[in-house]
Every structure is written in structure tokens, then in C-alpha cells.
Amino acid sequence: MRYSRDMIGYGENTPDPQWPGNARIAVQIVMNYEEGGENSIEHGDAASEAFLSEIIGAQPWPGKRHWNMESIYDYGARAGFWRLHRLLKDIPITVYGVATALERAPEQVAAMQAAGWEIATHGLKWIDYRDIPREVEAEHIARAVDLHTRVTGERPRGFYQGRTSMNTVALGCEEGGFEYLADTIADDLPYWHVHQGRAQLMVPYTMDANDMRFSSGQGFGTGVEFFDYLRDSFDVLYAEGAAGAPKMMSIGLHCRLVGRPGRAIAVQKFIEHARAHQGVWFATRLDIARHWAKTHPWQSRERPSQMERDAFVQKFGSIYEHSPWIAERVWDAEMGAIHDTAGGLAARMAQIFRAASDQERLGVLLAHPDLAGKLAAAKRLTADSTSEQASAGLDSLTDGERAEFDRLNTAYVAKHGFPFIIAVRDHDKPGIMAAMRARIDNDTRTERAEAERQVARIGTLRLQQLLGTN
């Protein structure tokens, strides 16, 4: 089985985004413009809207219009938009514009364009696509791009569906004209996603630093709470940037929610807070996407989880000494992006080794050569073992050292029934000799457990040599 989700991303050490001006943080504000694109009988939908409004717990009204719901959305277009426009018109932001909503908002679109805002597409309609057939969603995306182009005068370069299906990202990739997709909440930095062999840039969005939580049971009750959350998020990310790991802060706004006066002040206070700091880059999502694509272009690399079985076993079958069955079982099990790193693949190989029978594990131990033994002298070690023993100087022993290794090897095998095993790359020659003298006196049960730990450690070191240290 191949696991589709990427649970590692950049890992512990994130890349330096090299934001313009060496900024410590990129602040990206999104205005969701959905008013006029929501579910409504008048829009040809089967029921009224029930999502992201002042009516907590609202339910769709099948076959009926909902006056209060519609007027809540109307407020976003009539008043909330203009309040946010006054606050944000001198800041580069991105609008997620539902195409049918933009069509019903010529004055608001003109104001967005006059402010120099990016207008990305938020799909054709503000509806839930989870049960929409793939071909219908694909048609809606195409219609959204076409309508968006006719309304704004240019095609959208970014796409955020929002209420997604499992097909949404794939369809966004297949559309072929988007410089970025935003239907992901998986990271604090842009990243590359590969679909059908083509790399697509993802610029992650947010569900936490988002005013949608004013409309949920567990969320923001006041503008003060929203501001506190935005400020704290900014402060943590800014500190990470100052420490050498800059990130992106994404903020989600809705005209009908934070456009209310008691909430809009939170946006104002946050902007004042952010502007009081040096090294803050306010940017559109398209700005960020283009910067990332230039600074961190897609680089293809071989991914173990995507290799054919024979090629995988050929490459990794020697990680555990003369035991290709471990690589075979790894490939046959669940694999995903986490196993494309040395650490992840080493952990899975160790898991398979530990799950093997007692005889199979003993066979792996017995496959290991003596240290500085006869096989080494006859140059009959595997390439990995040869390199490892050389790294610790075991290929250049004095006659006395060789005699001592021979004595210890013989005594160790006689007592425990398998060769002495140690991850030689972790040690130098004197350290290895000292470990042999100390471990030979262990009881065999203790020594068997230690030998198996060393086998797993050797596997990790070999994979780090092969794939890099991640």
C-alpha cells in the first residue's frame, strides 16, 4: 500500500525562504469574497446556505429561501467589504473571489483592482463539493476560470476551492494554469506537490488565524480574542524568523464576519502591531508563490516509496547485511513520503527487522562478518562493510592489533554464537576494541539484544550515506 499523505514535509529544519529584504516573516491576508455565491434557491441550489454566518448551528432549508441568512451575506457585500477595504487598501492582500459572487459585485471588484489586490479564484460557487462528482467539479473549475476572466479581465493565477472534495487538488493541478493552489493547511511555508509527474506549488492557507471561528461553537467570541490570537501567532513566527527560520503567516477574513464593527478593530490593531516591527513583508499569495518558485524551484529526486519493487530491493537490499528480505517486506508494506527520508526508511526497516522471527533475526546477525577478520583480509566483504571498517581504521592494523581482534572475535563467537556487531562509524579503533572487551562478558540474552540494536543502527548509518542525513 502507498500512503498518500505527506506526514514529514520539511521536517525539523525548514528551508530559508529568503523573503525579500531578508524579512523575518511574510504576512499574507486573505479576504474571502463569497457574498452572492453562497447556496440559495435564487442561485439554483436545492437549499439555503447554512455555513459561516451569525446563526450558530444553522441548517439548510431545502426548497426554501432564508431571509436572515441572505441578509447576513448581503451585509458582507454592502457594508463589511467597504469597512475592510478602508483598513486594507494600502496593503497587498489576496481576495479569494467566488466567480458568481464577483459577477454580482462590479463596484467591489473595481475597488479590489484599484487597491492592487490579487484576485484568486474561490471556485464557481460557495458550495460543498465533497459529494459532487469529479467531472462536475472539473466543469465548475473551468467555468469559474472563464467567468473570473470575463469579470476581472484576467485569468486567476491562484485557486482555493475551500469546501473541497478529495478530487479538488488533483483537478486544480490538471487545470494547468494555476501558479499555486491554496487548498492545504499543512505547513507554514509553500511546498511542491507532485501530481501525475507534474510539480504544482502549494501555498498553505489557515483555519486557525481565521475569522470563521466567530461562527463556530468553539472559537472567537470577541474582537479582542481574535486580535490576541493573531498577535500571538505573529510574535511566535516573528521570533522563529529572528532565530533564522522565517515563516509565512496566513490570515483568513470574511466580509460578513470580521467586517462587523466590533470585530474589524481586531484587524486594525493587528496591522498596527505588525507594522511596529522591522522585517515584515506584507505580500499577496501570488507574490509569495512567484518568490518561492524562483528561490526554491522544484527539484526532482528519487523517492523510495515510489520506486518499482525490483529497483527498490536492488538499491536497499544490502542495508541489512545479506538480508534483502527486509527490503522486500518494507516495499510490500505501507510506504509513503515519510519513508523517503533516511530516518523514516531506517525506522521502517528496523520495524520489519524487529517483527521478524527469532531465526530470521539471528540469520541477519550471522550474516555479519567478523571485524578485521579473514573476510576483510581476503577482501571479500560487501562494499558497505569494507567502507565502514575502513572508516574506523580496521583496514590498517598492526600485527598485534590484528592478533587481538582475532582472539576477541573467536572468544565472542564461541560464547554467544554470532559475530560481534557494532556500528563502527560511531566509533574509532580504540573504542571498538574497548567495546569488544566489555561486551564479551555480557550474558548472551543481553548481548543478543545489543547486537540487534547495533544492526538497526548500522542500517540507519548506511541509509544516511545513501540518502542524506534527514
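Quick note: numbers below take in every heavy atom, side chains included, and nothing from hydrogens, waters or symmetry partners.
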All heavy atoms of Val413 vs all of Pro419, minimum pair found to be CG2-CA, 3.8 Å
Flag this pair as yes if the NZ/CZ of Arg198 is under 6.0 angstrom from the six-membered ring centre of Trp192 and inside a 45 degree cone about the axis; otherwise no. no
Side chains of Thr284 and Gln28, donor plus acceptor under 3.5 Å: no
Using the test side-chain contact (heavy atoms from CB on, under 4.5 Å), find all partners of Val236 that sit at least two apart in sequence or belong to another chain. Glu240
Which residues share a side-chain hydrogen bond (donor to acceptor under 3.5 Å, both in side chains) with Asp16, sequence neighbours left out: none
Gln465 vs Arg425 side-chain heavy atoms within contact, under 4.5 Å: yes
State, to 0.1 Å, how close His291 and Pro17 come at their nearest heavy-atom pair, and which atoms those are. NE2-O, 2.8 Å
Any donor-acceptor N or O pair under 3.5 Å, side chains Asp208, Tyr229: yes
Count the heavy atoms of every other residue, nucleotide or ligand shown that sit under 6.0 Å from CG of Asp426, and state whether that count exceeds 12. yes
Applying side chain to side chain contact (heavy atoms under 4.5 Å, CB included) to Glu175 and Phe159, what does each step give before you reach the verdict? CA-CA 10 Å; Glu175 196 277 340; Phe159 172 44; over 6 Å; no
Report yes or no: is the cationic atom of Arg163 (NZ for Lys, CZ for Arg) closer than 6.0 Å to the six-membered ring centre of Tyr129, at no more than 45° off its axis? no
List in chain and number order the residues that pass side-chain contact (heavy atoms from CB on, under 4.5 Å) with Ala283, two or more places apart in sequence or in another chain; answer none if no residue qualifies. Trp281, Asp287, Ile288
Would you say Ile8 has more than 12 foreign heavy atoms packed within less than 6.0 Å of its CD1? yes
I'd like to know whether CZ of Arg437 has more than 12 heavy-atom contacts from other residues, nucleotides or ligands below 6.0 angstrom. yes
Working to the nearest 0.5 angstrom, can you tell me the gap between Glu179 CD and Glu118 CD? 9.0 Å
Keeping to residues at least two apart or across chains, list the salt bridge (Lys or Arg N to Asp or Glu O under 4.0 Å) pairs with something in residues 340-350. Arg303-Asp340
Distance under 6.0 Å and angle within 45° of ring axis: Arg263 vs Phe214: yes
Would you kindly say whether Gln18 and Thr295 are connected by a side-chain donor-acceptor distance under 3.5 Å? no
Pairing residues for Glu328 by the salt bridge (charged side-chain N to carboxylate O under 4.0 Å, His left out) criterion, not counting sequence neighbours: none
Do you see a donor-acceptor pair shorter than 3.5 Å between the side chains of Thr444 and His416? yes
With distance as the sole criterion, is a donor-acceptor pair present between the side chains of Tyr3 and Arg5 under 3.5 Å? yes
Does Leu466 have any side-chain contact (heavy atoms from CB on, under 4.5 Å) partners at least two apart in sequence or in another chain, and if so, which? Lys315, Phe316, Ile319
To the nearest 0.5 Å, what is the distance between OH (Tyr191) and CH2 (Trp292)? 12.0 Å
Just verifying a value: how many Å separate Arg453 CZ and Ile422 CD1, rounded to the nearest 0.5 Å? 12.0 Å
Within 45° cone and under 6.0 Å: Arg155 NZ/CZ vs Phe178 ring: yes
Specify the closest pair of heavy atoms between Asn210 and Tyr205, including all atoms of both residues, with the distance to one decimal. ND2-OH, 3.4 Å
Across all chains, not counting sequence neighbours, the salt bridge (charged side-chain N to carboxylate O under 4.0 Å, His left out) partners of Asp6 are none
Evaluate the criterion side chain to side chain contact (heavy atoms under 4.5 Å, CB included) for residue pair Asn32 and Val30; output intermediate values, then yes/no. CA-CA 6 Å; Asn32 292 269; Val30 167; 3.8 Å; yes
Excluding sequence neighbours, so at least two apart, what forms salt bridge (charged side-chain N to carboxylate O under 4.0 Å, His left out) with Asp358? Arg361, Arg448
Donor-acceptor under 3.5 Å (Arg24 side chain, Val280 main chain): no
Arg407: what forms a side-chain contact (heavy atoms from CB on, under 4.5 Å) with it, not counting sequence neighbours? Glu404
Ala423 to Leu461 - nearest heavy-atom pair and separation: CB-CD1, 3.8 Å
Shortest non-hydrogen contact between Ser323 and Val364, atoms and distance: OG-CG2, 3.3 Å
So, taking the atom named CD1 in Ile458 and the one named CD in Glu321, what distance separates them when rounded to the nearest 0.5 Å? 8.0 Å
Checking Phe420 now: which residues fulfil ring-ring contact (aromatic ring centres under 6.0 Å, His included) with it, not counting sequence neighbours? Tyr412
Would you check if Met436 and Phe405 make a side-chain contact, meaning some heavy-atom pair closer than 4.5 Å? yes
For the atom pair CG (Leu467) and CZ (Arg462), what is the distance rounded to the nearest 0.5 Å? 14.0 Å
Thr121 side chain to Arg157 side chain, donor-acceptor N/O pair below 3.5 angstrom: no
Residues passing the salt bridge (charged side-chain N to carboxylate O under 4.0 Å, His left out) test with Asp332, sequence neighbours excluded, are Arg309
Would Val203 and Leu181 count as a side chain to side chain contact (heavy atoms under 4.5 Å, CB included) here? Give the steps. CA-CA 6 Å; Val203 181; Leu181 305 181; over 6 Å; no
Check step by step if side chain to side chain contact (heavy atoms under 4.5 Å, CB included) holds for Leu253 and Ile29. CA-CA 8 Å; Leu253 308 177; Ile29 299 173; 3.7 Å; yes
Inter-residue atom distance Phe227.CZ - Gln268.CD, 0.5 Å rounding: 10.5 Å
Within 6.0 angstrom of Asp235 CG, more than 12 heavy atoms from elsewhere: yes
Tyr160 versus Thr94, side-chain donor and acceptor atoms under 3.5 Å: no
What I'd like to find out is whether the side chain of Pro204 reaches to under 4.5 Å of the side chain of Ile185, using heavy atoms alone. no
Where do Ala144 and Gly123 come nearest, in terms of heavy atoms and distance? CB-C, 3.5 Å
Among pairs that include at least one residue of residues 235-256, which meet ring-ring contact (aromatic ring centres under 6.0 Å, His included), considering only residues two or more places apart or in two chains? Phe234-Tyr238, Tyr238-His277
Could you go step by step and tell me if Glu360 and Arg329 meet the salt bridge (charged side-chain N to carboxylate O under 4.0 Å, His left out) rule? CA-CA 13 Å; Glu360 287 173 322; Arg329 293 182 192 179; 2.5 Å; yes
Given Glu137 and Ser165, is the side chain to side chain donor-acceptor pair (under 3.5 Å) satisfied, shown in steps? CA-CA 9 Å; Glu137 186 176 3; Ser165 74; 2.5 Å; yes
Is the His122 ring parallel, tilted or perpendicular to the Tyr96 ring (thresholds 30°, 60°)? tilted
